[in-house]
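Here's the structure, in structure tokens; my notes come after.
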Amino acid sequence: MKHPFPGRHPATRPRRLRQEPWIRAMTAESRLVPEDLIQAVILREDDAPAGPVPAMPGIARATADEAVEIARKASALGLPALALFPQTGPEHRSAEAQLALDPGNLMCRAARAIKAEAPGIGLIADVALDPYTDHGHDGLLREGVILNDETVELLTRQALVLAEAGYDVLAPSDMMDGRIAAIRTALDEGGYADRLILSYAVKYASRFYGPYRDAIGSRGVLQGDKRTYQMDPRNAEEGLREVALDVAEGADMVMVKPGLPYLDMVARVKDGFGVPTVAFQVSGEYAMLACAAEAGAFDFEAAGLEALACFRRAGADAIVSYYAIRAAEWLSDPAR
Ligand code: PBG
């Protein structure tokens, strides 16, 4: 047989860097540690059914008491924060989303309980009206139109109620124009200059939110879609303009959402702006991994860790995930 490299060996053999675990670890370009992981938690009232979330095997909604336990566990594993979302039954939803402004609502009770019993972990609140509206939209709806400025006014009040309950990070996920500046001003004037804003700056109108809408009780009620405020999945430049606006308006951190199908945006945002960039591995991504694992396509743990590592490679500083705690346990297991 003819020698494949006539006259000499190849000067560079990339496989030399891959031959043993120690050299792969030494030259790895990114790392995944529990400090990168934010646990997403869907809250439920004590009397709401405890069953699993459809299409999300292994995920159950948590009562406020259970959320305290989750916070303790997350803290012990080194997770920096929890991101909370409330399930709301149809009987508590309304056109004007009044429950969003009630300091006694589930989100506020859970924050107070966690801050009292398990202080030290960061709490991130979704700021948007969709868990509270009877039409399932993130904003106020009049004659088929989502009202921007009226919604922003409500969101600023919602942000203050959440800050008062103890949330460290306000995370507007509604995609109304101008809401970051309005919320920043309201927080500063309300005595909450220390609270952070994590803007869902690059948020797409995505089918991958399907299981989440089941989880919070929005699926049956949502009228139409969210394409007049969430972004078109075909667009990238528009997302960069959104980030520029939100950073100028006072966002401390920005979010890209969904995650895996949008890693180009994670990379471009991180490279282009250099601000803390968080990616949301959304409910439909969890469903894809968990349902495929259940069907025997792969091992959930291995595929799940691979997916999270890819977020880090793309440049995400932190990842919101429905299996953040499980991933932290896998990462901390010395047998791995
Ligand atoms: C709504 C909101 C959504 C998610 C987080 N906040 C859904 C939507 O915009 O319809 C999705 C989370 C997920 O799918 O895991 N403000």
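Order of appearance sets the numbers: ligands from 1, and atoms from 1 within every ligand.
If you check which protein heavy atom lies closest to atom 14 (O) of ligand 1, you get Ser283 OG, 2.7 Å. In this structure, atom 16 (N) of ligand 1 lies nearest to the protein heavy atom Ser173 OG, 2.6 Å. Among protein heavy atoms, the minimum distance from atom 11 (C) of ligand 1 is reached at Lys257 NZ, 3.1 Å. Nearest protein heavy-atom neighbour of atom 2 (C) of ligand 1: Lys203 NZ, 3.3 Å. Of the protein's non-hydrogen atoms, the one nearest atom 1 (C) of ligand 1 is Asp130 OD2, 3.0 Å. Nearest protein heavy-atom neighbour of atom 8 (C) of ligand 1: Lys226 NZ, 3.3 Å.
Interface of Phe280 with ligand 1, defined as ligand atoms under 4.0 Å from a residue heavy atom, comprises 12 (C), 15 (O). Listed by number with element, the atoms of ligand 1 under 4.0 angstrom from any heavy atom of Arg213 are 8 (C), 10 (O). Distances below 4.0 Å separate heavy atoms of Ala128 from the following atoms of ligand 1: 16 (N). Interface atoms of ligand 1 facing Asp138, defined by a heavy-atom separation under 4.0 Å, are 1 (C), 16 (N).
Partner Tyr200 forms a side-chain hydrogen bond (donor to acceptor under 3.5 Å, both in side chains) with one of Asp126, Asp174, Asp138 and no other, that one being Asp126.
In this structure, Glu306 places its CD atom where only 12 or fewer heavy-atom neighbours from other residues, nucleotides or ligands lie under 6.0 Å away. Around NZ of Lys115, the count of heavy atoms belonging to other residues, nucleotides or ligands within 6.0 Å exceeds 12. Enclosure of atom CZ in Arg227 is not indicated, since only 12 or fewer non-hydrogen atoms of other residues, nucleotides or ligands lie within 6.0 angstrom. More than 12 non-hydrogen atoms from other residues, nucleotides or ligands lie less than 6.0 angstrom from CZ of Arg13.
By the 30° and 60° cut-offs, the orientation of the rings of Phe300 relative to Tyr323 is perpendicular.
If you check the side chains of Arg93 and Ser218, you find a donor sitting under 3.5 Å from an acceptor. Side chains of His92 and Tyr132: a donor-acceptor N/O pair is absent below 3.5 angstrom, by distance only.
Of the candidates Tyr322, Tyr212, Tyr286, Phe208, Tyr322 brings a heavy atom nearest to atom 15 (O) of ligand 1.
Sorted by first and then second residue, the side chain to side chain donor-acceptor pair (under 3.5 Å) pairs involving residues 202-213 (not counting sequence neighbours) form an empty list.
At a 4.0 Å heavy-atom cut-off, ligand 1 touches Val282 through backbone and side chain alike.
Checked against a 3.5 angstrom limit, the closest N/O atoms of Gln230 and ligand 1 fall inside it.
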